[in-house]
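Some notes on the structure that comes next.
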Amino acid sequence: MPALAVVGMQWGDEGKGKITDLFAEKSDYVVRFHGGSNAGHTVEVNGVAFKFHQIPSGILHRRTTAVIANGTVVDAEQLISEMDALEQQGYSTSRLWISDRAQLVMPYHRALDGAEERLRGAGAIGTTKRGIGPCYADKAARNGFRVGELLWDEGRLLEKLKFTVAVKNAYANALSESMQLSAEELLKNMLKWKERLAPHITDTAYMLNAALAKGKNVLFEGAHGILLDIDHGNYPFVTSSNTVPGNIYTGAGINTQQRVKVLGVVKAYATRVGAGPFPTELQDETGQHLAEKGAEFGTTTGRKRRCGWLDLFAVKYCDMLSGTSSIALTKLDVLSGLSSIRVATGYRLKGKLLKHYPHDALLLSECVPVYKEMKGWEEDITGITKYRDLPTNAVRYIEFIEKYLGKPVSVVSTGQSRSSTIVRKGIL
Ligand code: IMP
């Protein structure tokens, strides 16, 4: 089966970057199909940490082609600095392709993201302020700029910019934001982007469908967790794209004849950045243990992540939406040293046990988790590469997850580096 997707089964930061990197080695293509520079994927190779926001993390493998597909929103300025950083570290970006249909995050998108958040006040979403929401909103309103439009002649681009600037300045002023955009200044930026990015722009849907038809290995890298999905997540505390693997078909333009196998990445505990309900959140010493040992600070914003127990009720919901074949369990080493560990297996709302994950963020905030308590383990398991070397209670933890989800755990991550990984043969 040539196509594989790596998707996060929580609120992001599950360790998708590392798992993607693991499979990228055997992949001909690694593809981002949604999201933008709000994502932050860390891959550690030989003690050096690489932080990716827009470039698919598979670029570190010299034979892999990296694709930023049509469903993404591209912050050109940020992408160029990411490309520069990689090249300075000796990695070529000649195998990076950007869809001509992806949307451009413009400087005003970032400004408006901040302005709208300020206006929301206590109801702020806690966005990454990377302009993601305003950019996807413009795409849907058909006011966006596509990456392929960078190749337009200057006159045509300036004409569209003049209309856009008038609309954006008026909107910003209505929000009491002092923004005075100039079409000429924006054009200058776009010409700079064109100079650097033009050789990388292509129709990536043709590229990917042709690759799949030839039986090439294609890996799809989910950028954000399923609970942040615009339709299925805890709206409005979500990102602005569909994070479910179903969006691979639209976000990368591959046809529905292609079967994509899904590997669900689950962190051994839960974290969330930004606002929104989090039923298993821990605001005590255990939460502190998870935050410190797990170095839970955002890759993109540096914000401290909220930490809590693994919520299997939520993961099962994500699994229903995703159809995973197996699970990659990450950061299991962070749980070492806890005398007992809890896992949420259901929710009670006003005393009643729920059958379904609630659609409404307010209802979710009123849910009380039902916990299964298990014994922890003292042993440091960092760097373990064989399943049989795990402490008995760690194995029991994994077996409980497998039984609850009805899915095997095929990969266990026991540390940040590429080598600190258990791959259980024959399961994936
Ligand atoms: P936005 O995607 O910047 O609009 O942010 C919307 C919500 O998604 C906020 O709660 C962010 O913290 C969250 N979010 C966006 N990207 C990520 C990510 O890569 N990891 C974790 N949370 C994210």
Side-chain angles (χ1 to χ4, degrees), residues 6-20 32-43 51-57 71-75 78 82 103 105-106 108-120 122-140 221-244 247 251 265-267 269-278 281 291 294-308 311 314 318 330-331 361 364-365:
V6 171
V7 297
M9 309 283 281
Q10 290 149 308
W11 284 291
D13 310 311
E14 297 93 350
K16 294 181 289 294
K18 177 183 159 167
I19 303 299
T20 303
R32 281 276 308 268
F33 58 95
H34 70 102
S37 68
N38 48 348
H41 292 173
T42 308
V43 180
K51 293 189 190 308
F52 293 101
H53 297 284
Q54 296 186 87
I55 299 180
S57 28
T72 63
V73 287
V74 175
D75 185 326
Q78 209 272 334
E82 215 171 301
Q103 293 282 318
V105 178
M106 303 292 280
Y108 49 80
H109 288 137
R110 253 173 286 149
L112 292 173
D113 196 354
E116 287 173 2
E117 275 289 84
R118 276 192 294 281
L119 271 181
R120 285 184 192 115
I125 296 165
T127 73
T128 59
K129 301 207 175 75
R130 294 298 188 271
I132 306 300
C135 185
Y136 275 115
D138 269 351
K139 172 184 175 174
E221 179 177 9
H224 314 285
I226 305 292
L227 294 174
L228 292 174
D229 185 280
I230 180 92
D231 286 295
H232 303 286
N234 320 129
Y235 193 87
F237 303 102
V238 291
T239 190
S240 298
S241 62
N242 282 113
T243 62
V244 289
N247 186 31
V265 186
V266 177
K267 183 150 65 181
Y269 51 96
T271 57
R272 177 162 206 169
V273 238
F278 183 177
E281 184 168 11
E296 295 296 352
F297 292 91
T299 315
T300 304
T301 57
R303 287 181 293 179
K304 194 170 178 289
R305 297 179 187 140
R306 299 152 68 194
C307 295
D311 185 344
C318 295
T330 60
K331 289 191 143 182
L364 183 61
S365 70

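Whatever order the structure lists them in is the order used to number ligands and atoms, beginning at 1.
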Value rounded to 0.5 Å, distance of [atom1] in [X] from [atom2] in [Y]:
X: Cys135; Y: Arg110; atom1: SG; atom2: CZ; answer: 10.5 Å
X: Glu116; Y: Thr127; atom1: CD; atom2: OG1; answer: 9.0 Å
X: Met106; Y: His109; atom1: CE; atom2: NE2; answer: 7.5 Å

* His41 pairs by side chain to side chain donor-acceptor pair (under 3.5 Å) with which of His53, Arg32, Lys51, Glu221? ->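 Exactly one candidate clears the test, Glu221.
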* Among Lys304, Arg303, Lys267, find the one that has a side chain to side chain donor-acceptor pair (under 3.5 Å) with Glu296. =>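 Of Lys304, Arg303, Lys267, side chain to side chain donor-acceptor pair (under 3.5 Å) with Glu296 is met by Lys267 alone.
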Considering only protein heavy atoms, which is closest to [atom], and at what distance to one decimal place?
atom: atom 17 (C) of ligand 1; value: His224 ND1, 3.5 Å
atom: atom 2 (O) of ligand 1; value: Thr239 OG1, 2.6 Å
atom: atom 14 (N) of ligand 1; value: Leu228 CD1, 3.7 Å
atom: atom 5 (O) of ligand 1; value: Thr127 CA, 3.4 Å
atom: atom 22 (N) of ligand 1; value: Val273 CG2, 3.4 Å
atom: atom 3 (O) of ligand 1; value: Thr128 OG1, 2.5 Å

* Hey, is Val238 touching ligand 1 through its side chain, its backbone, both or neither, going by heavy atoms under 4.0 Å? ->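 Contact part for Val238 vs ligand 1: backbone (N, CA, C, O).
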* Arg303 contact mode with ligand 1 (heavy-atom cut-off under 4.0 Å) ->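 Answer for Arg303: side chain.
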Proximal atoms of ligand 1 relative to [X] (non-hydrogen, under 4.0 Å):
X: Ala39; answer: 19 (O)
X: Trp11; answer: 21 (C), 22 (N)
X: Gly126; answer: 9 (C), 10 (O), 11 (C), 12 (O)
X: Asp13; answer: 20 (N), 21 (C)

* Does Arg272 pair with Asp13 as a salt bridge, N-O distance under 4.0 Å? ->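 Looking at Asp13 together with Arg272, the answer is no, because their closest N to O distance does not fall below 4.0 Å.
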* Asked: For the side chain to side chain contact (heavy atoms under 4.5 Å, CB included) test, which of Val7, Val238, Ile226 pairs with Thr243?
  ->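 The option that passes is Ile226.
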* Pair Trp11 + Phe278: ring centers closer than 6.0 Å ->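 Yes, they do, as the ring centres are separated by less than 6.0 Å.
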